[in-house]
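Here the structure comes first, spelled out in structure tokens, and everything after it is commentary.
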Amino acid sequence: MEEAISPTDRVSALVRSSIREIERASIAVDGTAPLNDQVRLDLDFGAPPPRRHLVARGAGEHVVVGYAHLDGTGDTASAHLVVHPAHRRGGIGSALLRALRAESPCAALRIWAHGDAPAGRAFASSFGLARIRELWQMRRPADSPLSAPTYPSDVTVRTFEPGRDDVAWVKLNAAAFASHPEQSRVSLDDLHHRMQQPWFARSGFFLAERSAELVGFHWTKVHQPVGQEASLGEVHAIGVHPCAQGLGLGKALTLTGIHHLYGLGLGQVMLYVESDNDLAVALYQRLGFVRHTVDVMYGER
Ligand SMILES: CC(C)(COP(=O)(O)OP(=O)(O)OC[C@H]1O[C@@H](n2cnc3c(N)ncnc32)[C@H](O)[C@@H]1OP(=O)(O)O)[C@@H](O)C(=O)NCCC(=O)NCCS
């Protein structure tokens, strides 16, 4: 099996559509998408080293049966790994894991299992991998009451202007998320790739300014309906510069974005938060969010 798994930075349109099919089939079986936005962007635009695609092919060499994405940026490498439900329990997941380990530039390899489904849990335990990190998806229905945002008097709020705000936003994001392993590394290219996505809308990307400096943002996102699930709004990313933290900007920006999403007629709003980020979890619970699903990061301790 290993000979068939070759790391690459680009995949063909045919391979890309097979991976999308694996994703659709996995959602039907596991209940959640096995890949995240960054992986999908790398499939569309290429994965610059140290990010890599690993494609497992079946007996007919055009049939893609499994896929892994490796991100070797930073001190630990993180990966996504998925096998087509029709080809599971045949050793393909194990072969992809061995290929990931061989390709990983770091000793500590971490693997995301979105949705914490039984197959991922059993697979991780068969390799002795421990739960290292949990990311919660929280949701809030539109019919529970929501207060209006209040900002400090010297802060103004406006929406993102492409071309004018790009560089300043990348700096603000890096400062606001300095201790976050993935979000802190969003580059100008990453921002531009996201701006090319069909979901990007500058009218849903809010910036807080004080003395002509960006001090906070709330980037919202609208998910198109998937299967039985209706359209969903997302609190995609909220960040406040360390110099403006503690002024209530996080809460005010959250409220501004949620009101915007409900104003579009969306029935529910969701967000992702680290399970151990007690302050953020408590804020979201006060705003009416409840835990919906859990993403687990596995790894060797
Ligand atoms: C997890 C996943 C990648 C496993 O792929 P796979 O090709 O079925 O894995 P393998 O055949 O190599 O399984 C290796 C071992 O894992 C364990 N395992 C895997 N799936 C299992 C399941 N559904 N139930 C019980 N044990 C399971 C078994 O011990 C298995 O060995 P065995 O078949 O000899 O008993 C696949 O189920 C998947 O794509 N799930 C959704 C994505 C995901 O959760 N990814 C993150 C994984 S940490």
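Read the numbers this way: they start at 1 and go in the same order the structure lists the ligands and their atoms.
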Among all protein heavy atoms, pick the one closest to atom 4 (C) of ligand 1 and tell me residue, atom and distance. Phe123 CD1, 3.6 Å

When you compare the side chains of Arg140 and Tyr262, does any donor N or O come within less than 3.5 Å of an acceptor on the partner? yes

Identify which of Ala25, Ser94, Ala119, Pro34 has a heavy atom lying nearest to atom 10 (P) of ligand 1. Ser94

Name the orientation class of the two ring planes belonging to Phe217 and Phe177 (parallel below 30°, tilted from 30 to 60°, perpendicular beyond 60°). tilted

Tell me, which protein residue and heavy-atom name are nearest atom 26 (N) of ligand 1, and how many Å apart are they? Ala122 CB, 3.2 Å

For Ala113, the ligand 1 atoms whose distance to one of its heavy atoms is below 4.0 Å: 46 (C)

Answer yes or no: is there an ion pair linking Arg24 with Glu21, defined by an N-O contact shorter than 4.0 Å? yes

Using a strict cut-off of less than 4.0 Å between a Lys/Arg side-chain nitrogen and an Asp/Glu carboxylate oxygen, indicate whether Arg88 and Asp30 qualify as a salt bridge. yes

By number and element, which atoms of ligand 1 are closer than 4.0 Å to a non-hydrogen atom of Val82? 39 (O)

Any side-chain donor paired with an acceptor under 3.5 Å for Gln137 and Asp295? no

Take the angle between the ring planes of His114 and His80 and call it parallel below 30°, perpendicular above 60°, tilted in between. parallel

Within-cut-off N or O pair, Leu81 and ligand 1, under 3.5 Å: yes

How far is atom 44 (O) of ligand 1 from its nearest protein heavy atom, and which residue and atom is that? Gly120 CA, 3.5 Å

Please check if the number of heavy atoms outside Glu134 that lie under 6.0 Å from its CD is greater than 12. yes

Please state which protein non-hydrogen atom is closest to atom 11 (O) of ligand 1 and give its distance, to 0.1 Å? Gly91 N, 2.8 Å

Tell me the protein heavy atom at minimum distance from atom 41 (C) of ligand 1, and give that distance in Å. Asp30 OD2, 3.4 Å

In terms of residue, atom name and distance, what is the protein heavy atom nearest to atom 15 (C) of ligand 1? Ser126 OG, 3.5 Å

Is any N or O atom of Gly93, backbone or side chain, closer than 3.5 Å to an N or O atom of ligand 1? yes

Are any of the N or O atoms of Ala124 closer than 3.5 Å to those of ligand 1? no

Heavy-atom nearest neighbour in the protein, as seen from atom 46 (C) of ligand 1, with distance rounded to 0.1 Å: Trp112 O, 3.5 Å

Within the 4.5 Å heavy-atom criterion, are Arg52 and Asp9 side-chain neighbours or not? yes

Nearest-0.5 Å distance that lies between atom CG in Leu261 and atom OG1 in Thr256: 11.0 Å

Please state which option from Asp295, Leu97, Val83 has its nearest heavy atom closest to atom 5 (O) of ligand 1. Val83

Counting heavy atoms only, which of Arg88, Glu23, Arg121 is nearest atom 40 (N) of ligand 1? Arg88

Nearest candidate to atom 21 (C) of ligand 1, where distance is taken over non-hydrogen atoms, out of Arg98, His84, Arg89: Arg89

Using the six-membered ring wherever Trp is involved, compare the ring planes of His53 and Tyr67 and label them parallel, tilted or perpendicular (cut-offs 30° and 60°). tilted

Heteroatom proximity flag, Gly90 to ligand 1, N/O under 3.5 Å: yes

Salt bridge or not between Arg20 and Asp44? Use side-chain N to carboxylate O under 4.0 Å. yes

Contact bool for atom 31 (O) of ligand 1 (protein heavy atom, d < 4.0 Å): no

